[in-house]
Amino acid sequence: MRRNWSLYPYILWMVLFTIVPILLVLYYSLLADGGGFSLTLSHYARVFEPLYLAVIWRSILLALVSTVICLLLGYPVAMILAASPAKQQFSLIVLFVVPMWMNFLARTYAWMSLLETNGIINTVLGFFGIEPLSMLYTSGAVVLGMVYNYLPFMVFPIFTVLRKLDPSLLEAAEDLGANPLKTFMKVIFPLSLPGVLSGITMVFMPAVTTFVISQLLGGGQFTLIGNLIQQQYLRTYDWGFGSSLSIILMVIILLSMGLISRSNAYEEGGIL
Amino acid sequence: MSAGLAGIMLLAAAGCGSGGKETLNVYNWGDYIDPQVLKDFEKEYNIKVVYEQFDTNEDMYVKVANASGQYDVAIPSDYMIRKMINEDMLLPVDMGKITNYGEIEDRFKGLAYDAEDRYSVPYMWGTVGILYNKTMVDDVVDSWDILWNPKYAKKIFMINSLRDSIGITLKRLGYSLNTKDLQEIEAAKAALIEQKPLVLSYVGDEMKDKMIGGEAALAVFWSGDAAYCMGYNEDLDYVIPKEGSNIWFDAMVIPKTAQNVEAAHLFINYMCRPDVGLKNAEYIGYSSPIGKVREQLPAEITEDVAFYPGVEDLKNSEVFEDLSDTLVIYDRIWTEVLAE
């Protein structure tokens with residue numbers, strides 16, 4: 001009984017700040033324009049026009065590319081972290097975490113002054129007689145911004161799983177004649193999958209919904225679904241279309257999470 | 001829990017502050033007033049000014065629409081004022097109480113967004129034009145066409161603001177920037193898509209630093225921001241293209257939900273006083289609609305047609321009107337251009 005009581009604040013919190021807002025968004029997405037309370041699916045029909053599908057596709061693609069790069073970069077980092085001695089481990093983690101204490105916007109602005117035509121990188125290249133490269137306002141800059149900002153979200157879940165890995169399993173693999181590559185493929189990687197999957201979730205979700213990174217580093221040329229939603233709410237007051245875009249985005253995320261957890265059916269959870 | 005609640009209620013009670021000074025809530029653009037003016041007003045009328053700032057008309061609209069009773073005076077732009085009038089969000093200004101209203105030049109009265117001068121009193125005005133870097137551009141800059149010149153590929157900044165970007169494109173094509181004609185709007189869209197490969201970026205406020213730093217050769221700019229940049233980089237110059245442009249106004253209005261209407265009138269009247277207007281114009285660098293302010297500013301500013309253009313210089317230019325239902329089409333086109 002006591003346990004039930006202690007749950008109520010959380011239930012209240014969830015209802016007030018999760019369920020009610022989602023229902024409101026759903027309501028606005030179905031509300032017909034021009035006042036009254038008549039419902040319509042026209043906002044959803046608009047989402048499926050080729051123009052907006054292209055934007056959704058671009059968002060998913062850029063988020064996927066960033067997620068893959070984060071995984072390729074993050075996995076070795078997590079392994080190095082997990083393998084390093086405790087004292088060193090601590091300093092390495094601090095080095096990773098400290099930049100995250102700085103405001104996300106400030107860090108993204110910093111990339112702008114690094115990448116711009118008269119920016120720091122091009123100035124340094126200029127010393128070696130290299131012509132300025134145009135780096136800012138490209139899709140590459142957007143991916144860079146996502147990878148830079150979300151990499152820690154990939155590293156830490158993998159690191160946590162790897163650290164808890166029983167060393168005797170690795171010894172056993174070695175004793176049974178597996179070479180390091182085989183040990184990794186057959187033992188380490190499969191066991192670290194829960195961490196990998198939650199890393200993928202934690203990188204993909206913010207990457208697919210971002211509007212700040214694409215605005216600042218993409219220069220507004222790479223409209224993502226996040227930019228589209230922001231514009232509907234703040235510029236054109238089309239809350240109906242903005243809400244239906246938000247709902248579709250939530251569905252996309254739910255579906256991809258569903259796919260991931262299904263592929264992870266044999267695991268005992270560990271996913272976020 | 002209950003202690004916390006009591007604390008919150010105490011705070012709320014303190015915030016209400018029964019007795020003490022009268023307060024006036026003012027809502028204005030960021031960095032858009034001489035702070036001394038607020039202090040002087042407080043002293044002169046013994047009214048405490050609570051001053052809040054916004055970044056875009058759209059942000060202001062959402063807050064005024066949802067936070068009833070928060071603001072006694074707001075200073076939005078023309079098309080937004082029209083929208084607020086249409087939606088019955090504003091109180092008429094009692095012009096009998098604005099004794100300094102005569103100081104406003106006649107050419108700034110009776111403008112389309114408030115044709116009968118019932119709801120708004122102009123605060124500042126300006127234009128949209130091209131800010132360019134003289135060291136990077138060797139053609140004469142007098143037409144919007146230069147923003148479509150492949151010679152300056154990837155050296156052009158456009159504003160990420162649909163009314164401005166579509167507006168100047170319509171002007172370049174010889175149409176009105178308030179057009180509701182679908183063919184004209186489609187033509188503007190085609191032109192913007194054609195221009196896209198030449199554009200370095202569609203940007204907002206950060207454009208100022210980028211132009212000062214010489215990141216691009218040409219940019220679509222608001223006149224006051226252009227003046228700010230020219231103060232930091234002597235290579236920059238500003239022109240209003242010959243095809244005409246947008247003249248915009250920021251004007252003082254009283255939201256219907258205002259709590260202190262009396263003080264709002266005092267404030268608006270105070271802001272129209274020539275000595276106060278001069279302080280503001282000198283501080284923020286935008287153009288004042290008050291005749292005596294213009295006379296007192298240094299000649300080098302007021303004789304520059306880029307910043308104090310005469311009636312003749314503006315004959316092709318227009319004020320934004322609220323597009324009502326057509327705004328959705330403009331938005332769709334802007335989305336299509338950016339998503340292309």
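Just so it is clear: chains get the letters A, B, ... in the order the sequence lines come, proteins before strands, and each one is counted from 1. What's counted below: heavy atoms across the whole structure, side chains too, no hydrogens, waters or symmetry copies.
Inter-residue side-chain proximity for A:Phe222 and B:Leu338 is flagged as unmet; no heavy-atom pair is nearer than 4.5 Å. The side-chain heavy atoms of B:Val203 and A:Gln215, taken from C-beta on, include no pair separated by under 4.5 Å. Residues A:Gln221 and B:Met158 have side chains not in contact (no heavy-atom distance under 4.5 Å, counting atoms from C-beta outward). Proximity of A:Tyr137 to B:Phe157: side-chain heavy atoms (C-beta onward) are separated by under 4.5 Å at one or more points.
For B:Glu215 (side chain) and A:Asn118 (main-chain N/O), a donor-acceptor pair under 3.5 Å exists by modelled atom type. Side-chain atoms of B:Asp331 do not come within 3.5 Å of backbone N or O of A:Gln232 as any donor-acceptor pair.
With a 4.5 Å cut-off on non-hydrogen atoms, B:Tyr61 touches chain A through its side chain but not through its backbone. Contacts between B:Arg332 and chain A at a heavy-atom distance below 4.5 Å involve backbone atoms as well as side-chain atoms. For a residue to count as touching a neighbouring chain, one of its non-hydrogen atoms must lie under 4.5 Å from one of that chain's; by this rule B:Met207 does not touch chain A. Within the 4.5 angstrom heavy-atom criterion, no atom of B:Val337 approaches chain A. Of the atoms belonging to A:Phe241, not a single heavy atom falls under 4.5 Å from chain B. A:Gln231 touches chain B through its side chain: at least one heavy atom from C-beta onward sits under 4.5 Å away, while N, CA, C and O do not. Proximity to chain B (any heavy atom under 4.5 Å) is restricted, for A:Leu228, to the side chain, taken from C-beta onward. Using a 4.5 Å cut-off between heavy atoms, B:Lys83 touches chain A through its side chain atoms alone.
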*Please lay out, stage by stage, how B:Lys155 and A:Thr117 fare under the test side chain to side chain contact (heavy atoms under 4.5 Å, CB included).*
CA-CA 10 Å; B:Lys155 287 181 180 158; A:Thr117 316; over 6 Å; no
